Amino acid sequence: MKVYKTNEIKNITILGNDGSGKTTLTETLLFEAGVISRRGRISQKNTVSDYFPVEQEYGYSVFSTVFHTEWNGKKLNFIDCPGTDDFAGAAMSALAVTDTALLLINGAAGPEVQTQNHFRYTEKLGKPVIFAINQMDNEKCDYHSCIERLKETFGNKVVPIQYPINEGPNFNALIDVLLMKKYSWKPEGGEPTIEDIPADELDHATELHHALIEAAAENDEALMEKFFEDENLSEDECREGIRKGLAARGIYPVLCVSAAKDMGVRRMMEFLGNVVPFVTDMPAAVTTTGVEVKPDSNGPTALYFFKTANEPHIGSVAYFKVLSGTVHEGDDLTNSDRGSKERIAQLFVCAGANRTKVDALEAGDIGCTTKLKDVRTGNTLVGKDVDWKFDLVKYPEPKYIRAIKAESESDTEKMIAAIQKMAQEDPTWVLEQSKELRQTLIKGQGEFHLRTLKWRMENNEKIKIVFSEQKIPYRETITKSARADYRHKKQSGGAGQFGEVHLIVEPYVEGMPDPTIYKFNNQEYKITVKGKEEVDLEWGGKLVFINSIVGGSIDARFLPAIQKGIMGRLEQGPLTGSYARDVRVIVYDGKMHPVDSNELSFMLAGRNAFSEAFRNAGPKLLEPIYDVEVITPSDKMGDVMSDLQGRRGMIVGSESANGYDTLNAKIPLKELASYSTTLSSLTGGRASFSMKFSNYELVPTDLQQQLVKEFEAQQKEDE
């Protein structure tokens with residue numbers, strides 16, 4: 001296969017809701033380009049995309065699929081992404097290495113919640129967007145409603161390039177207002193008949209043509225001046241204006257196709273080849289140290305690995321984009337993230353599971369390789385004399401968490417190794433061994449996301465697994481000051497153990513002044529701060545440890561042991577065994593023995609004195625609160641809001657626009673265990689949400705009492 005130059009390469013991500021027809025479009029694009037000789041069907045499980053067993057089991061995409069076409073002397077690299085929000089990570093990684101998003105719309109459903117989500121991803125990354133209304137042959141297709149709703153949602157930058165003459169089952173012709181021609185097809189689709197626009201369509205086509213020319217001219221000063229002078233642009237000038245407008249996100253062109261009937265797809269490919277910005281038209285990649293790396297085929301070699309697939313009989317297939325330089329078969333490169341050396345034994349370009357060998361790939365191109373020793377998703381391989389690293393993909397926060405264990409305990413290690421391997425394919429699967437909760441947690445984007453992992457584990461890896469709800473990482477703290485003392489004394493022949501500690505505890509708030517005096521039971525305790533240590537706790541919050549010992553009642557050498565005893569108790573609070581936080585401890589007195597005192601004695605004395613004081617200081621449980629954003633169709637707003645309030649949620653804001661409402665709420669993690677499933681059920685799968693940790697807040701008294709009783713009962717059971 002020809003080695004394409006950087007200025008001949010265009011990279012495109014295909015996005016769209018489930019049901020928008022991405023897999024069918026992929027088949028038709030490949031067929032039209034001659035990469036495949038026959039189009040596959042989802043029902044027959046023989047498509048280029050969706051070739052993994054789990055995708056064929058469920059009937060829609062789980063992984064992104066990389067493929068390419070050669071068209072009019074240009075190479076178009078595509079990445080077809082899953083439509084459901086549960087697999088948003090694939091869209092994130094694809095957009096990071098491509099230059100334009102082709103956002104597919106179901107002509108019968110119009111723009112949906114996921115359309116907005118995908119658009120927001122492109123917005124964050126500054127990527128151009130082209131809309132394509134698919135399924136023009138659907139009996140419920142309403143092209144004009146789709147255009148109206150796109151403009152309502154995304155503004156007047158939405159500009160039609162084409163419109164259908166007939167929608168629904170009779171669709172077989174469209175008007176292209178860029179070329180000012182009519183395209184029509186025979187029932188089998190494929191190559192169109194191109195004719196002049198009929199007289200009864202000419203006025204409408206001319207109106208749209210002028211709107212398109214004006215939109216194209218707005219993105220270039222020279223074109224704008226020419227437009228003002230001549231009120232027209234040539235076809236090439238118009239294309240140039242669209243290309244510049246796309247790169248600046250100043251125009252969102254709209255195409256229309258029937259991928260299933262192969263109508264409009266060939267023209268779509270031509271349009272993409274002509275107007276999609278080249279690699280060199282878009283901002284250069286930036287290293288983690290801020291170095292801008294331009295796609296120069298003569299520059300130092302740098303490959304960024306954005307995707308890993310584990311395929312039967314082949315092993316790990318690593319997909320990369322050439323950010324700089326030219327990579328050849330046999331090149332020796334260095335993994336700048338891991339320090340290891342790698343040899344590129346073979347180079348391929350891809351069409352799903354089909355791979356074609358190439359000798360080299362230049363800057364801007366996308367390819368894959370196999371048999372790498374130590375490359376992970378997100379790693380960079382570089383040539384000599386550079387140490388560039390790139391962090392191009394920002395994955396979404398997890399929003400569905402379950403505890404996971406193997407049915408057979410003997411499979412635990414195999415299960416963990418298998419999940420770690422799968423997380424290379426989809427980094428939004430996050431495995432965590434929680435020492436605090438004594439659970440192995442698997443985190444993902446939704447119930448279906450984790451169900452997919454379970455299917456693969458049980459069918460591919462032959463490991464039976466069980467999901468259960470995660471325990472909640474509560475925190476314990478105190479609400480008032482308290483005093484306690486404890487003497488540890490032990491004598492059993494020979495050297496004994498002796499340590500006595502007097503201390504005060506109180507709630508700690510950032511910035512509070514040092515203590516001076518306390519009063520307990522009408523007795524005053526004056527404090528002189530001799531030393532202070534602030535400890536940032538691994539689980540959040542602080543321990544502030546103050547030495548206020550006067551007169552040498554305890555040697556300074558025993559203070560670290562006292563602090564160690566307190567730290568041990570913070571790791572298992574007295575209420576529910578949860579981590580404790582935000583406590584100030586003042587050690588003000590004590591006693592020691594010249595022979596029997598040692599570090600162990602003072603550690604135990606400090607631990608027990610702290611426990612007693614903590615229990616007397618108004619202990620309270622804190623629970624994790626999450627910021628939750630829900631995007632829902634307006635007609636479901638009432639149901640969604642009612643459900644959030646039933647989850648102890650506090651609504652903090654809402655916005656309405658274009659038939660959708662955005663709700664912002666603060667909700668306890670305990671109430672979010674199955675929220676993704678409930679939200680889907682409430683809205684028919686038309687809503688989406690995101691969640692992010694916010695802070696810890698006090699647990700309601702009745703819930704605290706219940707949790708304390710459950711902990712006490714469990715403690716008795718374990719005795």
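Quick note: residue numbers are just sequence positions, from 1. Predicted, not measured: the structure shown is a model, and the values here were computed from it.
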What is the ring orientation for Phe131 with Phe119, classed by angle as parallel under 30°, tilted 30 to 60°, or perpendicular over 60°? parallel
Rounded distance (nearest 0.5 Å) linking atom CE of Met691 with atom OH of Tyr626: 5.0 Å
Could you state the interatomic distance from CD (Glu458) to CG (Leu453), rounded to the nearest 0.5 Å? 10.0 Å
Contact between Gln433 and Ile416 at the side-chain level, heavy atoms closer than 4.5 Å - yes or no? yes
Tell me whether the guanidinium CZ or amine NZ of Lys2 lies under 6.0 angstrom from the six-membered ring centre of Tyr4 and within 45° of its axis. yes
Taking Glu629 first and then Arg120, would you say they form a salt bridge - that is, a charged N and a carboxylate O separated by under 4.0 Å? yes
Do the side chain of Ser93 and the main chain of Ala90 share a donor and acceptor less than 3.5 angstrom apart? yes
Closest contact, heavy atoms only, Leu103 versus Gly16: CD1-N, 4.0 Å
Side chains of Ile344 and Leu372: closer than 4.5 Å at any heavy-atom pair? yes
From Ile465 atom CD1 to Ile419 atom CD1, the distance as rounded to the nearest 0.5 Å: 6.0 Å
With no hydrogens and no angle check, is any side-chain donor or acceptor of Glu342 less than 3.5 Å from a backbone partner on Asn335? no
My understanding is that only one of Phe348, Phe31, Phe78 makes a ring pair (Phe, Tyr, Trp, His ring centres under 6.0 Å) with Phe67; could you say which? Phe78
Exactly one of Arg338, Lys341, Arg343 should register a salt bridge (charged side-chain N to carboxylate O under 4.0 Å, His left out) with Asp374. Which one does? Arg338
Closer than 3.5 angstrom, by distance alone: can the side chain of Gln445 be matched with the main-chain N or O of Glu397 as a donor-acceptor pair? yes
Classify the ring geometry between His449 and Phe87 as parallel (under 30°), tilted (30 to 60°) or perpendicular (over 60°). perpendicular
Any non-hydrogen side-chain atom of Asp281 less than 4.5 Å from a side-chain atom of Lys244? no
Ion pair present between Glu425 and Arg456, side-chain N to carboxylate O less than 4.0 angstrom? yes
Less than 4.5 Å apart, any side-chain heavy atom of Leu272 and any of Lys10? no
Report yes or no: does Thr100 contribute a side-chain atom to a donor-acceptor pair with the main-chain N or O of Pro128 at less than 3.5 Å? no
On a heavy-atom basis, the closest approach of Lys127 and Leu95 is CE-O, 2.9 Å
Any heavy-atom pair between the side chains of Lys357 and Glu329 that's under 4.5 Å? yes
Looking at side-chain heavy atoms only, is the closest gap between Ser676 and Lys399 below 4.5 Å? no
Closest heavy-atom pair and its distance - Val257, Val265: CG1-N, 4.2 Å
Using the rule given for salt bridge (charged side-chain N to carboxylate O under 4.0 Å, His left out), can you reason through Arg266 versus Glu270, listing the C-alpha separation, both sets of side-chain angles and the distance that settles it, and then say yes or no? CA-CA 6 Å; Arg266 187 174 298 199; Glu270 182 183 88; over 6 Å; no
Please lay out, stage by stage, how Thr13 and His118 fare under the test side-chain contact (heavy atoms from CB on, under 4.5 Å). CA-CA 11 Å; Thr13 292; His118 285 147; over 6 Å; no
Donor-acceptor contact present, side-chain Asp80 to main-chain Thr65, <3.5 Å: no
Ignoring hydrogens and angles, tell me if any N or O in the side chain of Thr369 forms a donor-acceptor pair with the backbone of Gln346 under 3.5 Å. yes
Start with the C-alpha gap between Leu255 and Ile130, add the side-chain angles, then the distance that decides, and say whether side-chain contact (heavy atoms from CB on, under 4.5 Å) holds. CA-CA 8 Å; Leu255 307 172; Ile130 297 170; 4.2 Å; yes
Output, in order, the C-alpha distance, side-chain angles, deciding distance and verdict of ring pair (Phe, Tyr, Trp, His ring centres under 6.0 Å) for Phe154 and Tyr252. CA-CA 9 Å; Phe154 305 112; Tyr252 309 131; 7.1 Å; no
Given the rule in the side-chain hydrogen bond (donor to acceptor under 3.5 Å, both in side chains) test, do Thr308 and Ser316 qualify, once you have shown the distances and angles that lead to the verdict? CA-CA 7 Å; Thr308 302; Ser316 178; 5.1 Å; no
Please check if the side chain of Ser324 supplies one atom and the backbone of Pro300 the other of a donor-acceptor pair under 3.5 Å. yes
Do any N or O atoms from the side chain of Asn11 and from the backbone of Gly364 form a donor-acceptor pair under 3.5 angstrom? yes
Looking at CH2 of Trp539 and CD of Glu436, how far apart are the two atoms once the value is rounded to the nearest 0.5 Å? 9.0 Å
Nearest atoms (heavy-atom pairs only) where Leu125 meets Ala96: CD1-N, 4.2 Å
Criterion side-chain contact (heavy atoms from CB on, under 4.5 Å) against Phe320, the qualifying member of Val327, Ile366, Leu381: Val327
Give the intermediate values and the outcome of salt bridge (charged side-chain N to carboxylate O under 4.0 Å, His left out) for residues Asp337 and Arg376. CA-CA 9 Å; Asp337 297 273; Arg376 306 286 186 267; over 6 Å; no
Would the distance check show the side chain of Ser297 and the main-chain N or O of Thr6 forming a donor-acceptor pair, the cut-off being under 3.5 Å? no
Looking at Asp332, I want to see if its CG is surrounded by more than 12 non-hydrogen atoms of other residues, nucleotides or ligands under 6.0 Å. yes
Pairwise side-chain contact, Val317 with Arg355, heavy-atom cut-off 4.5 Å (strictly under): yes
Partners of Arg402 by salt bridge (Lys or Arg N to Asp or Glu O under 4.0 Å), sequence neighbours excluded? none
Closest non-hydrogen atom pair between Val382 and Val386, with its separation: CG2-O, 3.4 Å
Glu235 and Leu179: CA distance, side-chain angles, deciding distance, side-chain contact (heavy atoms from CB on, under 4.5 Å) verdict: CA-CA 7 Å; Glu235 190 179 306; Leu179 302 180; 3.2 Å; yes
Between the CG atom in Asn274 and the CZ atom in Arg243, the distance rounded to the nearest 0.5 Å is 7.5 Å
Counting neighbours of NZ on Lys435 that are heavy atoms of other residues, nucleotides or ligands and sit closer than 6.0 Å, is the number greater than 12? no
Considering only NZ, NE, NH1 and NH2 on the basic side and carboxylate oxygens on the acidic side, decide whether Glu432 and Lys443 come within less than 4.0 Å. yes
In sequence, state the C-alpha distance, the side-chain angles, and the governing distance for Thr287 and Lys389, and then conclude on side-chain contact (heavy atoms from CB on, under 4.5 Å). CA-CA 5 Å; Thr287 69; Lys389 296 179 188 175; 5.9 Å; no
Do any N or O atoms from the side chain of Asp365 and from the backbone of Glu362 form a donor-acceptor pair under 3.5 angstrom? no
Can you tell me how far the OG1 atom of Thr301 sits from the CH2 atom of Trp388, to the nearest 0.5 Å? 9.0 Å
Are the side chains of Lys307 and Val97 in contact, using a 4.5 Å heavy-atom criterion? no
Do you know which two heavy atoms are closest between Ala363 and Pro295, and how far apart they sit? CB-C, 3.6 Å
